[in-house]
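Here's the structure we're looking at; comments come further down.
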Amino acid sequence: MEERYNPKAIEPKWQKFWDTSEVFKTREIPEKDKYYLLEMFPYPSGKIHMGHVRNYTIGDVVGRYKRMRGFNVLHPMGWDAFGMPAENAAIQNNTHPARWTYENIDAMRAQLKRLGFSYDWDREVATCRPEYYRWEQWLFIKMYEKGMAYRKESYVNWCETCQTVLANEQVEQGSCWRCGETVRQKKLWQWFFRITDYADDLLEYCDQLPGWPEKVTTMQKNWIGKSVGAEIRFRIENRDEEITVFTTRQDTVFGATFMCLAPEHPLVAELSQGTDQEAAVNEFVERMSLQDRSDRAMETYEKEGVFTGAYCINPMNGRKMPIYTANFALMAYGTGAVMSVPAHDQRDFDFARKYGLDIVVVVQPEGENFDGTNMPEAYTGEGIMVNSGQFNGISNEEAKEEIAAYMDKNGIGRKTVSFRLRDWGISRQRYWGAPIPMIHCPSCGVVPVPEEDLPIELPEEADMLEGGKSPLSTLDDFVRTTCPSCSGEARRETDTMDTFVESSWYFDRYCSPRYDQGMFSREAVDYWMPVDQYIGGVEHAILHLLYSRYFTRVLNDLGLISCREPFTRLLTQGMVCKETTACPTHGFLFPEQVNWIDEGPNCVLCESPVKIGRVEKMSKSKRNVIDPNVLLDEYGADTTRLFCLFAAPPERDLEWSEQGVEGSFRFLNRVWRMVADWLPAVKDVEAYDGSPDELEGDLRDLYRKIHDTIRRVSNDIEERFHFNTAISAVMELVNTIYSMELAQDTPNAPAVMRRAIESVTLLLAPMVPHFSEEIWSRLDYQASVLL
RNA sequence: GCGAGAGUGGCGGAAUUGGUAGACGCACUGGACUUAGGAUCCAGCUCUGGCGACAGAGUGGGAGUUCAAGUCUCCCCUCUCGCACCA
């Protein structure tokens, strides 16, 4: 055996071996325990980054480990291939999104193969292929038929830069999640999925996902945002109309002294029309629509509003309440109308003080005597009901129930719940996405494309307009069609679907990726689903994971799948971070632009001293990125993988360290030398399998240490996913062997050492697979170490 | 503001059920081997005092429970992440 460990020679050899021997090819074997392991599939941006390497390495360890433990493992990989970057790249480089995407996929697949991941590549899926999205279109039609998909004109989040609609989940602090542009409100006809029908179900099951990090289920719960309260109707004075509000404090209804409507509320314009307030209201509404959404969402933002000129009547005490439109009333929550109770809500209190509106106390805390003039701020706690007619004297908690019952009986209102979650707007005015399979007929209205006409393929030669309207709407050949129902002239829907639709069911497709009679074969999906272990970044805690849970429920309710939750266990791995380096004149520097000299780091462009910034997530903009390819060239896949596993436990952030990589490489060399040293002695010996009692001294200690290590590593991998401590356990074992300085001619030493070497190889096999396969074969085993 | 998580040597991080705090690695120091080594092997490495055996302190701070606390309870501080005018 060579003295030196040479990954360049070893790794391609075993990658080829895995390929040709088809060890990772998977099929359904009913009598075997299945294990569906999934990592979040990447967007084919062109290059694998360290985040991918970490994510897929963690997954690969679990997959290989489970395989070694005898499970039938499904471990697929594919491409989340639709989306904006392909269009942008196409415009910039004068190419086609499809071409750009497929080239990127080829490049990234090659990189993943270089890392030695145990994927069943026969199951590869790319969501931009018609064979894939045709079934998404099929499902869309099914959902349309069941009323789960619908169209409405509504205010949508609009990104001017991306020229497209964004889902609520894609708006971060009032800005586009992708480009950072301020999001505006725009009124458009849009397609929606009725995810709100599942709000309660999605919420309730959050507590039945013990395999998920609490952090994620909490985020989902907050996002769904259930509030229990009541709906109350207020008659508008001199009109045959009502305003419905949602409140969690129906106990304070007697203290409601005015009404606030969101500026976007349809009644605002209607009520002010023809009054002296009309001009002021219009000015206010106009001003609010131009305002930055994130500014408006600030709690500290000054409350302001305008009287609409109309009044409504408090149904409990007949009080005449002025109707305002106010900036703190949000169209996106509840009904867009707030009954304002200034004594018991801080926002209402601020507003009332500013505009001189009445403050009526209806909940009095014990030992206090609040009234509208002596309160420094709103009182939101518990107390005894006052100024509330027949409900005076009881606690406000009791009053919540009694008032709700009273209102229900008298047709004023009823108990209800409100969710923060909105329906999922999926229309996108973009080219590179799955076309929505609908037809607009002037006489029949909206008609689904007949099933036999699917897929509605994306036309190839789209005129990609930079920042224009939906590219598909400019293609006459695409748009013009005939109505399936009356055969008259009709127009196709030109919006495409949000790319999150594709990623909401790809894990089902992996079960039978080439199936052409439906989304998936029932048999395959029932065998494999749900995913036993899902691994990916926490940035998808709301968006992708919530949508996927929703889709699984839809498929379940349509009778297509047996499970209701898609992911049994979820691991959210931390980010890969590195310090930033900045030059006073050249700004952030790439690692290779920094010259490390004795006096300190130095800019290669101008030689001025470089400032070391804080450790942050690797990103192009901060330039603190390490290209995995460089690592692969220098150290090979196994060292790269080992470093990712050893430097931090998976759920924590991993800080990049050149010395850390060096250390991982050194360890593999150390193991290699040990094996090379002992190989002649152990080659023709059976691994020791007797009782430790028949050994003595160091050999007995070593034999016990071997078994202790096996227990620790198995436990660390299987139950805790603590690969860092699993590796350190193996390091300890190797250190023990080195420090014992066993003589090779000691009786039993070769047998025990063979046991030691085999154990180390098996324990390391999930983590450094090429390395382990190589040693395993040197021990004269023919089959893969995985078997 | 609400919710979640975290705080341990010079650094990354161990300590699984309350039981020797600092495993393993990095960095550093010393030694061995060597023409040489930035390779390798061995040893040291929490802080303070001491040549030393050793003594004292020590897991963000403060109190408590316990024979025993990084771990449990209470209060406080700091950091990270998520949500945030949610009526």
Side-chain angles (χ1 to χ4, degrees), chain A residues 3-4 169 172-174 213-227 229-232 245-250 252 256 259-262 293-304 326-341 344-348 350-351 378 380 418-422 538-539 541-542 572 574-575 577 614-617 642-643 646-649 651-667 669-670 673-674 711-712 715-716 719-720 722 724-735 738-739 741:
Chain A
E3 278 302 313
R4 278 178 50 85
E169 288 85 343
E172 293 172 351
Q173 261 116 57
E214 201 187 315
K215 178 190 173 136
V216 175
T217 47
T218 306
M219 279 166 71
Q220 293 218 345
K221 282 190 221 168
N222 291 344
W223 187 262
I224 296 166
K226 181 177 180 172
S227 302
E231 211 174 75
I232 307 176
V245 303
F246 171 77
T247 180
T248 54
R249 293 298 304 274
Q250 64 271 20
T252 64
M259 173 73 68
C260 286
L261 302 178
R293 186 185 154 126
S294 60
D295 283 354
R296 211 181 126 189
M298 297 260 280
E299 209 164 334
T300 50
Y301 204 73
E302 170 135 17
K303 317 281 173 275
E304 60 171 320
N327 61 347
F328 68 88
L330 306 173
M331 200 56 213
Y333 186 77
T335 61
V338 184
M339 70 166 205
S340 285
V341 185
H344 305 293
D345 181 282
Q346 193 56 40
R347 293 157 299 178
D348 299 345
D350 294 343
F351 196 85
T380 55
S418 180
F419 291 95
R420 211 188 76 109
L421 184 71
R422 307 276 91 190
V538 73
E539 65 273 18
I542 298 174
T572 50
M575 300 179 298
C577 302
R614 35 185 271 173
V615 177
E616 290 183 71
K617 180 184 177 169
L642 190 65
F643 168 73
F646 183 60
E651 63 277 7
R652 255 199 249 185
D653 286 351
L654 182 151
E655 190 186 333
W656 166 261
S657 147
E658 177 79 36
Q659 285 105 335
V661 180
E662 199 69 55
S664 296
F665 186 61
R666 212 162 7 199
F667 170 66
N669 274 287
R670 194 166 151 90
R673 273 193 306 274
M674 176 188 84
R711 180 183 58 79
R712 281 170 65 188
N715 200 17
D716 281 348
E719 281 168 30
R720 309 200 304 158
H722 281 197
N724 54 332
T725 51
I727 293 163
S728 66
V730 180
M731 284 173 168
E732 273 186 62
L733 174 58
V734 173
N735 289 349
Y738 266 92
S739 54
E741 294 181 17

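Residue numbers begin at 1 in each chain, while the letters A, B, ... track the order of the sequences. Computed from a predicted model, the values in this text were never measured in an experiment.
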Next on the checklist: Using the side chain to side chain donor-acceptor pair (under 3.5 Å) criterion, which residues pair with A:Thr725? Sequence neighbours excluded.
Outcome noted: A:Asp716
Checklist entry - Over how many whole Å does the gap from A:Phe328 atom CZ to B:A84 atom P extend? => result 19 Å
Checklist entry - Going by the salt bridge (Lys or Arg N to Asp or Glu O under 4.0 Å) test, which pairs reach into residues 332-341 of chain A, not counting sequence neighbours? => result none
Checklist entry - Just by modelled atom types, is the A:Glu302 backbone N or O under 3.5 Å from a matching donor or acceptor in the A:Asn327 side chain? => result yes
Checklist entry - Do any pairs count as a salt bridge (Lys or Arg N to Asp or Glu O under 4.0 Å) and have a residue in residues 214-223 of chain A, sequence neighbours left out, and if so which ones? => result A:Asp207-A:Lys221
Next on the checklist: Taking B:C72 as the reference, what is the distance to B:G82 when you measure between their C1' atoms (whole Å, please)?
Outcome noted: 28 Å
Checklist entry - Taking atom C1' of B:A27 as reference, at what distance in whole Å does atom CD of A:Glu658 sit? => result 14 Å
Checklist entry - How long is the line joining CZ of A:Arg673 and C1' of B:C42, in whole Å? => result 14 Å
Item to check | Atom pair distance, as rounded to whole Å: NZ in A:Lys617 and P in B:G82 | outcome: 10 Å
Item to check | A:Phe351 and A:Ser340: CA distance, side-chain angles, deciding distance, side-chain contact (heavy atoms from CB on, under 4.5 Å) verdict | outcome: CA-CA 9 Å; A:Phe351 196 85; A:Ser340 285; 5.9 Å; no
Checklist entry - Got a sec, which residues hit salt bridge (charged side-chain N to carboxylate O under 4.0 Å, His left out) with A:Arg652, two or more places apart in sequence or on another chain? => result none
Checklist entry - Quick one: side-chain contact (heavy atoms from CB on, under 4.5 Å) partners of A:Arg420, sequence neighbours excluded? => result A:Trp223, A:Tyr333
Next on the checklist: Heavy atoms from C-beta onward define the side chain here; which of B:A87, B:G82, B:G3 lies closest to that of A:Thr248?
Outcome noted: B:A87
Checklist entry - Do A:Lys226 and A:Phe419 have side chains that get closer than 4.5 Å, going by heavy atoms? => result yes
Item to check | side-chain contact (heavy atoms from CB on, under 4.5 Å) partners of A:Asn735, counting only residues at least two apart | outcome: A:Arg670
Checklist entry - Tell me, for nucleotides 13-25 of chain B in 5' to 3' order, what letter each nucleotide earns: B for a base near a protein heavy atom under 4.0 Å, S for only sugar-phosphate near one, - for neither? => result SSSB------BBS
Item to check | Interatomic distance at P, B:C81 relative to B:G13, whole Å | outcome: 16 Å
Checklist entry - Where does RNA chain B pair, written as one dot-bracket string 5' to 3', with Watson-Crick or G-U pairs under 3.5 Å, ( ) inside the strand, [ ] for crossing pairs and | for another strand? => result (((((((..(((......[....))).(((((.......))))).((((....))))..(((((..]....))))))))))))....
Item to check | Closest to side chain of A:Met219, choosing from B:C86, B:C42, B:G82 | outcome: B:G82
Checklist entry - Pick the nucleotide of RNA chain B nearest each of A:Ser657 and A:Thr218; which residue has the one closer to the 5' end? => result A:Thr218
Checklist entry - In whole angstroms, how far is the C1' atom of B:C42 from the CD atom of A:Glu741? => result 8 Å
Item to check | Inter-nucleotide P distance (B:G9, B:G1), Å rounded | outcome: 29 Å
Checklist outcome for this item: Across all chains, not counting sequence neighbours, the side-chain contact (heavy atoms from CB on, under 4.5 Å) partners of A:Asn715 are A:Glu719
Checklist entry - Taking all non-hydrogen atoms of both residues, which atom of A:Thr252 and which atom of A:Met339 are closest, and how far apart? => result OG1-CE, 3.8 Å
Next on the checklist: Is there, by distance only and without an angle test, a donor paired with an acceptor across the side chain of A:Lys303 and the base of B:C85 below 3.5 Å?
Outcome noted: yes
Checklist entry - Considering only the P atoms, how many Å lie between B:A43 and B:A6, rounded to the nearest integer? => result 36 Å
Every protein N/O lying under 3.5 Å from an N/O of nucleotides 43-45 of chain B:
none

Item to check | Non-neighbouring partners of A:Arg347 that pass side-chain contact (heavy atoms from CB on, under 4.5 Å), sequence neighbours left out | outcome: A:Lys303, A:Phe328, A:Asp345
Checklist entry - In whole angstrom, what separates A:Trp223's CH2 from B:C83's C1'? => result 8 Å
Next on the checklist: So A:Ser227, base contact, sugar-phosphate only, or nothing? Heavy-atom distance under 4.0 Å.
Outcome noted: sugar-phosphate
Checklist entry - salt bridge (charged side-chain N to carboxylate O under 4.0 Å, His left out) with A:Glu655: which residues, sequence neighbours excluded? => result none
Checklist entry - Rounded to the nearest Å, what distance is computed from the CD1 atom of residue A:Ile224 to the C1' atom of nucleotide B:C86? => result 15 Å
Item to check | A:Lys215 NZ to B:C83 C1', straight-line distance once rounded to whole Å | outcome: 12 Å
Next on the checklist: In whole Å, measure the gap between the C1' atoms of B:A69 and B:C74 for me.
Outcome noted: 15 Å
Item to check | C1' spacing across the pair B:A57 / B:G50, given as an integer number of angstrom | outcome: 15 Å
Item to check | Atom C1', compared across B:G22 and B:G12: separation rounded to whole Å | outcome: 13 Å
Item to check | Whole-angstrom distance between B:U65 and B:C75, as gauged at atom C1' | outcome: 15 Å
Checklist entry - Does B:G9 adopt a syn or an anti glycosidic conformation, taking syn as a chi angle within 90° of 0? => result syn
Next on the checklist: Counting the atoms with a prime plus P, OP1 and OP2 as sugar-phosphate, which does A:Phe667 contact under 4.0 Å by heavy atoms, base, sugar-phosphate, or nothing?
Outcome noted: nothing
